[in-house]
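Heads up: the structure comes next, in structure tokens.
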Amino acid sequence: LIHVNGEEGEELVRVIPLEYSGFFVALNKYSQGSVGYVKVNVVTEETELVLVEGGMPYVESGLLNKNLHRHIWMNHPFLMVTDYSFEIDDQGHPYWIATYFEREVGLFGGEEPKGVITVDACSGKTEKYPMGSEPEWVDRVVPVDIAFAQSDNALTYKNGWFNVEFGAKKEVFNLTEEYNYISINGQTYMYSGITSPNNADETSVGFVLVNLKTKETMRYTMSGITEYRAKSIAASDQKVKAQALTATDPILVNIADTP
């Protein structure tokens, strides 16, 4: 979910690169690359196949030196990299955005994003940007799994590890298992509800919003139900049952100042 400032103003879109369908296709198109990407306007549902002039040789299904992961590793061999996301700039030019991170808890824990590497999907040119200095059109810097894990740990271990494992479990909460994305003022946020560690508990005590560019986190306290419960209520509706429909994960909206 990204924002693009085009000729007709700001658009909220999803972009999906066209990958190779198999080994022999990738081999045959090694130099030319993938033909482009699909852009979907999430407001109007308008869908467009964008053919990129010169092709996109650097994709995740590419072979040898045109393989995206290998290409980043060869240019930045000493960085730990994750979250290879596909974005376009305001002119529609395709890029890959990969987050580089450091571990700040022991050898294997506490992953902390430090910045991004941009890869031009056409030329393969890479640029490294420390967090906060990335181009304005980049929407995702913080991987959603890191944002989710850090928010969940902050809720669970607010009063320390001993309180959780051996103590009275005072003010111990965690995020619900589901999350989604929300756009606010041209920024993309991860949303997830807050509930108790009891798996049978379908009530919510609030929710968090994490800015996936700056990692700014906001917590809102309110009583309600979890996303899973909302989904099950929708699925149990008689009209939904009659048409054999499946409920999607819910999206948080604000109606008359009520979430």
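Keep in mind that the numbers below use all heavy atoms, side chains included, and drop hydrogens, waters and symmetry copies. Quick note: residue numbers are just sequence positions, from 1.
- In this structure, the side chains of Val35 and Val52 stay at 4.5 Å or more apart for every pair of heavy atoms.
- Here ring pair (Phe, Tyr, Trp, His ring centres under 6.0 Å) pairs that include residues 227-259, with residues two or more places apart or in two chains, number zero.
- Applying the ring pair (Phe, Tyr, Trp, His ring centres under 6.0 Å) rule to pairs touching residues 112-135 yields nothing, sequence neighbours excluded.
- Between Lys39 and Glu11 there is a salt bridge, with a side-chain nitrogen of the basic residue lying less than 4.0 Å from a carboxylate oxygen of the acidic one.
- With sequence neighbours excluded, the residues satisfying side-chain contact (heavy atoms from CB on, under 4.5 Å) with Asp139 are Ile2, His3, Glu87, Thr188.
- At least one side-chain heavy atom of Val38 sits less than 4.5 Å from a side-chain heavy atom of Thr47.
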Show the atom names and distances, to 0.1 Å, of all donor-acceptor pairs under 3.5 Å that link a side chain in residues 56-66 to residues at least two apart or in another chain.
unit_1	atom_1	unit_2	atom_2	d
Glu60	OE2	His69	NE2	2.9
Ser61	OG	Glu19	OE1	2.4
Ser61	OG	Tyr20	N	3.0

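- Linking ILVMFWY residues whenever their side-chain heavy atoms come closer than 4.5 Å, directly or via other members, leaves Trp96 and Leu18 in distinct clusters.
- Applying the ring pair (Phe, Tyr, Trp, His ring centres under 6.0 Å) test to every pair with at least one member in residues 24-53, sequence neighbours left out, gives these pairs: Tyr37-Phe86.
- Counting only N and O atoms by type, the side chains of Glu127 and Thr118 include no donor and acceptor under 3.5 Å apart.
- Rounded to the nearest 0.5 angstrom, Cys122 SG and His93 NE2 are separated by 4.0 Å.
- Evaluation of the side-chain contact (heavy atoms from CB on, under 4.5 Å) rule for Leu209 yields Ile182, Ile184, Tyr189, Tyr191, Phe207, Met218, Tyr220 as partners, not counting sequence neighbours.
- Heavy-atom minimum distance, Ser196 versus Asn174: O-ND2, 3.7 Å.
- Atom CD of residue Glu202 and atom CD1 of residue Ile233 lie 8.0 Å apart, to the nearest 0.5 angstrom.
- Here Arg14 contributes atom CZ and Ile16 contributes atom CD1; the two are 8.0 Å apart, rounded to the nearest 0.5 Å.
- When all heavy atoms are compared, the tightest approach of Glu178 to Pro250 is OE1-CD, 4.3 Å.
- Heavy atoms from other residues, nucleotides or ligands lying under 6.0 Å from CD of Glu48 number more than 12.
- Annotation: side chain of Tyr84 is in contact with side chain of Val81 (closest heavy-atom distance under 4.5 Å).
- Looking at heavy atoms from C-beta onward, Val172 lies in side-chain contact with Pro197 at the 4.5 angstrom threshold.
- Within the model, atoms CE of Met190 and CG of Asn211 stand 11.0 Å from one another, a figure rounded to the nearest 0.5 Å.
- Using a 4.5 Å cut-off on side-chain heavy atoms (C-beta onward), Leu49 and Leu51 make contact.
- By the 4.5 Å heavy-atom criterion applied to side chains, Ile225 and Ser204 are not counted as neighbours.
- Residues Val119 and Tyr95 have side chains not in contact (no heavy-atom distance under 4.5 Å, counting atoms from C-beta outward).
- For the side chain to side chain donor-acceptor pair (under 3.5 Å) test, residues two or more places apart in sequence or in another chain that qualify with Thr126 are His76.
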Give every donor-acceptor pair under 3.5 Å between a side-chain atom in residues 145-153 and any protein atom, sequence neighbours left out.
unit_1	atom_1	unit_2	atom_2	d
Gln150	OE1	Lys215	NZ	3.0
Gln150	NE2	Glu111	O	3.0
Gln150	NE2	Glu112	OE1	2.8
Ser151	OG	Ala147	O	2.9
Asp152	OD1	Leu175	N	2.8
Asn153	ND2	Ala149	O	3.3

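- Using a 4.5 Å cut-off between side-chain heavy atoms of Ile, Leu, Val, Met, Phe, Trp and Tyr, Val240 falls into a hydrophobic cluster with Leu245.
- The minimum heavy-atom distance linking Val4 with Asp89 is given by the pair CG1-O, 4.1 Å.
- The shortest side-chain heavy-atom distance between Val208 and Ile194 falls under the 4.5 Å cut-off.
- Side-chain contacts under 4.5 Å among hydrophobic residues (ILVMFWY), followed directly or transitively, place Phe101 together with Met80.
- Cation-pi check for Lys128 over Tyr100 is met; the charged atom lies under 6.0 angstrom from the ring centroid and within 45 degrees of its normal.
- Every side-chain contact (heavy atoms from CB on, under 4.5 Å) that Ile255 has, sequence neighbours left out, goes to Val253.
- Partners of Val141 according to the side-chain contact (heavy atoms from CB on, under 4.5 Å) rule, which considers only residues two or more places apart in sequence or in another chain, are Val116, Met131, Glu134, Val138, Lys213.
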